[in-house]
Asker: 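Below you'll find the structure I mean.
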Amino acid sequence: MNKYRSHNCNALRKKDVGNDVLLSGWINKKRDHGNLLFIDIRDNYGITQCIIDKKNPQFNDLEKIQLETVIKINGNVIDRSSETINKEIDTGEIEVSIKSYEILGKCKELPLPVFSEQEYAEEIRLKYRFLDLRRKKIHENILLRSNVISFIRNEMNKMGFLEFQTPILTSSSPEGARDFLVPSRLNPGKFYALPQAPQQFKQLIMVSGFDKYFQIAPCFRDEDARADRSPGEFYQLDLEMSFVEQQDVFKVVEKLLFNTFKKFSNKKIIKDKFPKISYSEALLKYGSDKPDLRNPLIINDITEIFIRDDVSFDLFKKLVKSGSKVRCIITHNTKNKPRSFFDSIDKWAKEQGASGLAYFTFEEGVSAKGPIGKFFSKEALEEIMKKTKAKIGDSIFLACEKKTEVEKITSLARNKLAEDLKLIDKNTFAFCWIVDYPMFEKDEASNKIKFSHNPFSMPQGDLNQINFEKPLDILAYQYDIVCNGIELSSGAIRNHIPELMYKLFSIAGYNREQVNEKFSGMINALSYGAPPHGGIAPGIDRIVMLLANEKNIREVTMFPMNQNAQDLMMNAPSNVSDNQLNELNLSLKLKK
RNA sequence: GGGGGUGUAGCUCAGUUGGUUAGAGCGAUCGCCUGUCACGCGAUAGGUCGAGGGUUCGAGUCCCUUCACUCCCGCCA
């Protein structure tokens with residue numbers, strides 16, 4: 001028998017009554033009655049109540065032991081009388097009568113309580129992460145993460161995907177996020193970069209003929225943090241397939257995500273086949289390329305209403321003449337909402353940096369009630385109702401701004417209105433695909449054409465007919481998957497034709513030599529017989545966040561860094577010795 | 001880089017229009033308690049009110065500067 005335990009702390013049941021057992025674990029909680037002491041002992045699996053009284057010679061010592069000390073208990077399983085059964089824990093029908101105990105790991109006074117549901121400042125949680133991780137909620141989140149990852153791995157294997165590792169020390173890429181750089185000792189003055197994603201490697205795996213690849217891959221990007229974005233590193237389920245079209249990738253991902261979410265959550269998944277929405281339609285109807293489809297509100301464009309002569313709302317009419325768009329959101333049956341409801345939305349919109357949100361309500365006989373209602377003729381109102389499918393009793397909120405701004409504010413307003421009106425069913429997952437991304441976009445600052453997403457994506461349509469004179473019209477086989485307004489993943493069918501790649505890069509301002517230099521591995525490989533291929537890379541952290549119902553990525557990450565990309569527990573990043581710097585041919589030149 | 005929030009005991013927080021010795025719960029220490037499961041009761045210790053400067057007879061409280069943490073914008077193909 002193992003010297004530490006015969007059972008874990010969640011194993012003992014009524015059938016074990018009468019047996020001698022060994023339990024080891026942390027002291028979760030003590031309840032000291034003076035002559036009788038209850039000790040809850042905890043391990044990864046659960047909690048068992050142990051009991052000792054003053055007749056035991058070790059009673060006085062045990063009474064004084066700190067919480068979170070690791071002890072081994074030698075005891076006898078006894079039945080609990082019916083009124084003392086604890087239904088909250090799995091072992092609640094029994095308890096262990098302590099014969100003797102032994103301290104395995106002492107514990108100093110705790111900087112934060114482990115047995116508490118209270119919330120604590122992140123600083124102290126991260127510094128003492130090993131204590132924080134003992135706490136119930138986050139401990140369960142990390143277990144969930146582990147289970148999700150092994151489930152996904154298993155599903156991928158079942159679908160015939162092969163798992164490969166790709167290098168962590170690789171080369172810096174010109175596009176995308178800031179790289180983490182690693183100096184090379186053997187190549188003075190040169191640097192490796194940590195991969196932002198194994199993008200080029202997974203394509204090379206396809207060129208190497210492995211057909212289907214996946215990896216739970218660490219990705220490194222030196223960008224600022226957000227609640228749902230770790231600084232530094234995160235994990236993707238990276239996958240790539242040969243001889244596929246977009247729909248083949250969709251099929252795999254839909255099956256995988258549907259099975260995963262079904263297994264690990266009780267929430268309802270709205271559709272097992274996820275709706276596909278084009279990028280342009282998403283921006284029009286939802287103001288965003290990551291719409292929350294749990295939200296039933298839809299944005300409509302009614303710019304042309306403000307060209308009519310029977311609409312006299314001059315403020316908007318003038319803006320429309322100078323190129324602004326009018327977009328609106330209809331809320332159903334809100335005519336009896338108090339004035340304060342509407343005004344608070346308008347005030348909120350101004351706080352978001354918009355010029356505000358105009359509004360009115362459709363009344364019987366087709367009239368408009370509200371501050372700007374008088375500017376619309378009956379016919380104009382009927383036209384709006386037709387266009388927006390609004391009914392009498394509904395209200396309309398209107399924003400008039402330039403395209404990008406109007407999309408931004410209507411997207412925010414869509415969320416705000418749905419929250420205020422409680423239209424979002426929090427107990428569902430609503431997935432969708434966003435498809436037909438444009439290949440290029442215009443950089444607003446420099447006015448130059450740049451890749452809007454992934455430069456390796458395949459343009460849509462007949463490759464001989466693409467009009468490179470109008471690059472902004474070229475769509476790509478580029479797609480995102482979104483769940484409840486959270487972008488889980490981007491993917492694409494890749495461009496495996498070198499000549500086409502050179503052409504597209506030239507539009508974005510890279511000449512042949514630059515492409516050869518920056519993507520030598522890729523472009524060279526594609527010249528030696530590359531299969532058509534494509535893939536995607538769902539974010540593991542965000543999937544687990546959704547399943548664990550957490551808003552912060554650090555709640556599903558074992559050892560996260562803080563917002564300044566510091567690990568408070570390990571003291572990273574840290575200074576290095578002059579010797580180390582010398583070996584790397586580096587010297588520091590710190591800004592004051 | 002910019003904007004918001006927070007910072008008071010080991011932990012979570014309260015602290016009035018500026019006014020005597022800065023409080024509570026948990027935790028710690030000591031004492032009492034044989035059926036609790038957030039056990040109960042009593043006592044004790046524990047504070048540079050993030051730091052620095054200013055206004056004032058007097059600052060946890062008002063003003064300025066600064067630091068830390070956090071949320072957001074920028075950024076994240």
Asker: B/C26, OP1 or OP2 - any side-chain N/O from A/Q118 closer than 4.0 Å?
Answerer: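 No, no such contact exists.
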
Asker: Could you go through the side chain to side chain contact (heavy atoms under 4.5 Å, CB included) check for A/H496 and A/M206 one step at a time?
Answerer: CA-CA 10 Å; A/H496 67 287; A/M206 294 301 99; over 6 Å; no

Asker: To the nearest Å, give me how far apart CD1 (A/I85) and P (B/U36) are.
Answerer: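 Taking CD1 of A/I85 and P of B/U36, I get 13 Å after rounding.
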
Asker: If I take atom NZ in residue A/K30 and atom P in nucleotide B/A38, what distance separates them, rounded to the nearest angstrom?
Answerer: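 Nearest whole value for this atom pair: 17 Å.
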
Asker: For A/I78 and B/G35, give me the distance from atom CD1 to atom P, rounded to whole Å.
Answerer: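 So the two atoms are 14 Å apart, to the nearest Å.
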
Asker: Please state whether the phosphate of B/G74, meaning OP1 or OP2, lies under 4.0 angstrom from any side-chain nitrogen or oxygen of A/R178.
Answerer: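 A/R178 to B/G74 OP1/OP2: no side-chain N or O under 4.0 Å.
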
Asker: In whole Å, I'd like the distance from the CG atom of A/D224 to the C1' atom of B/C73.
Answerer: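 The answer, rounded to whole Å, is 11 Å.
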
Asker: Given the structure, check if the side chain of A/Q49 and the base of B/U36 hold any donor-acceptor pair shorter than 3.5 Å.
Answerer: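 Flag set: donor-acceptor pair detected.
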
Asker: In Watson-Crick or G-U wobble terms, both distances under 3.5 Å, what is the partner of B/U61?
Answerer: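 Looking at the geometry, B/U61 pairs with no nucleotide.
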
Asker: Identify the nucleotide, in any strand shown, that forms a Watson-Crick or G-U wobble pair with B/C41, with both distances under 3.5 Å; if there is none, say none.
Answerer: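 B/C41 is paired, partner B/G31.
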
Asker: Does B/A68 have its OP1 or OP2 closer than 4.0 Å to a side-chain nitrogen or oxygen of A/Q566?
Answerer: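 Negative; the distance criterion is not met.
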
Asker: Using the closest heavy atom to pick a nucleotide of RNA chain B for each, name whichever of A/P455 or A/Q563 lands nearer the 5' end.
Answerer: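 It is A/Q563 whose nearest nucleotide is closer to the 5' end.
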
Asker: Counting just side-chain N and O atoms, does A/N86 come under 4.0 Å of either OP1 or OP2 of B/U36?
Answerer: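 The answer is no; no side-chain N or O of A/N86 sits under 4.0 Å from OP1 or OP2.
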
Asker: Determine: side-chain N/O of A/N552 to OP1/OP2 of B/C71, distance under 4.0 Å, yes or no.
Answerer: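 For B/C71, OP1/OP2 do have a side-chain N/O of A/N552 under 4.0 Å.
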
Asker: Looking at the base of B/G35, is there any donor atom on it, or on the side chain of A/E95, that sits under 3.5 Å from an acceptor on the other one?
Answerer: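 For A/E95, whose side chain was compared with the base of B/G35, there is a donor-acceptor pair (under 3.5 Å).
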
Asker: Using centres under 5.5 Å plus planes under 30 degrees as the test, is A/H33 stacked with B/C39?
Answerer: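 Yes, aromatic ring over the base.
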
Asker: Atom CD1 in A/I39, atom CG in A/L62: separation rounded to 0.5 Å?
Answerer: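 Interatomic distance, A/I39 CD1 to A/L62 CG, rounded to 0.5 Å: 3.5 Å.
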
Asker: Just call it for A/S457: base, sugar-phosphate, or nothing, with non-hydrogen atoms closer than 4.0 Å on any strand.
Answerer: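 Touches nothing.
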
Asker: Which listed nucleotide (B/C39, B/G35, B/C71) is nearest to the side chain of A/L36?
Answerer: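 Minimum distance to the A/L36 side chain belongs to B/G35.
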
Asker: Once you round it to whole Å, what is the distance between P of B/G27 and CG of A/D32?
Answerer: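 Computing the A/D32:CG to B/G27:P distance gives 12 Å.
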
Asker: Which listed nucleotide (B/C75, B/U70, B/C37) is nearest to the side chain of A/R31?
Answerer: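 From the listed options, B/C37 comes nearest.
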
Asker: A/E122 or A/I89: which one's nearest nucleotide on RNA chain B is closer to the 5' end?
Answerer: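 Result: A/I89.
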
Asker: Expressed as a whole number of angstroms, how long is the span from A/Y120:OH to B/A68:P?
Answerer: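 Distance check: A/Y120 OH to B/A68 P gives 26 Å.
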
Asker: Do A/R221 side-chain and B/C76 base share a donor-acceptor contact under 3.5 Å?
Answerer: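 Under the 3.5 Å cut-off, the side chain and the base do not form any donor-acceptor pair.
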
Asker: Walk me through it: do A/D43 and A/R5 pass the test side chain to side chain contact (heavy atoms under 4.5 Å, CB included)?
Answerer: CA-CA 11 Å; A/D43 65 11; A/R5 60 185 178 193; 3.6 Å; yes

Asker: Out of B/G35, B/C76, B/C71, which has the shortest distance to the side chain of A/E223?
Answerer: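 Ranking B/G35, B/C76, B/C71 by closest atom to the A/E223 side chain puts B/C76 first.
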
Asker: Could you tell me whether the phosphate oxygens of B/C76, OP1 or OP2, come under 4.0 Å of any side-chain nitrogen or oxygen in A/K290?
Answerer: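 Negative; the distance criterion is not met.
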
Asker: Please pick, from B/C37, B/U29, B/C73, the nucleotide with the shortest atom-to-atom distance to any side-chain atom of A/R226.
Answerer: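 Given the options B/C37, B/U29, B/C73, the side chain of A/R226 is closest to B/C73.
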
Asker: Using whole Å, what does the distance between atom C1' of nucleotide B/G27 and atom NZ of A/K108 come to?
Answerer: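 These atoms are roughly 16 Å apart.
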
Asker: A/P113 side chain: which of B/C11, B/U70, B/C33 is closest?
Answerer: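 From the listed options, B/C11 comes nearest.
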
Asker: Can you tell which of A/Y279, A/W433, A/Y437 makes a side-chain hydrogen bond (donor to acceptor under 3.5 Å, both in side chains) with A/D480?
Answerer: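 The passing option is A/Y437.
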
Asker: Answer yes or no: side-chain N or O of A/R125 and base N or O of B/C69 forming a donor-acceptor pair under 3.5 Å.
Answerer: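 No such pair is found, so the answer is no.
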
Asker: Do A/R80 side-chain and B/U36 base share a donor-acceptor contact under 3.5 Å?
Answerer: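 Yes, the side chain and the base share a sub-3.5 Å donor-acceptor pair.
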
Asker: Between B/A68, B/U70, B/G35, which one does the side chain of A/E123 approach most closely?
Answerer: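 Closest nucleotide among those given: B/A68.
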
Asker: Could you state the CG-P distance from A/D53 to B/C33, rounded to the nearest angstrom?
Answerer: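 After rounding, the gap between these two atoms is 14 Å.
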
Asker: Kindly point out which of B/G10, B/C71, B/U29 is positioned nearest to the side chain of A/P111?
Answerer: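 Of the options given, the side chain of A/P111 lies nearest B/G10.
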
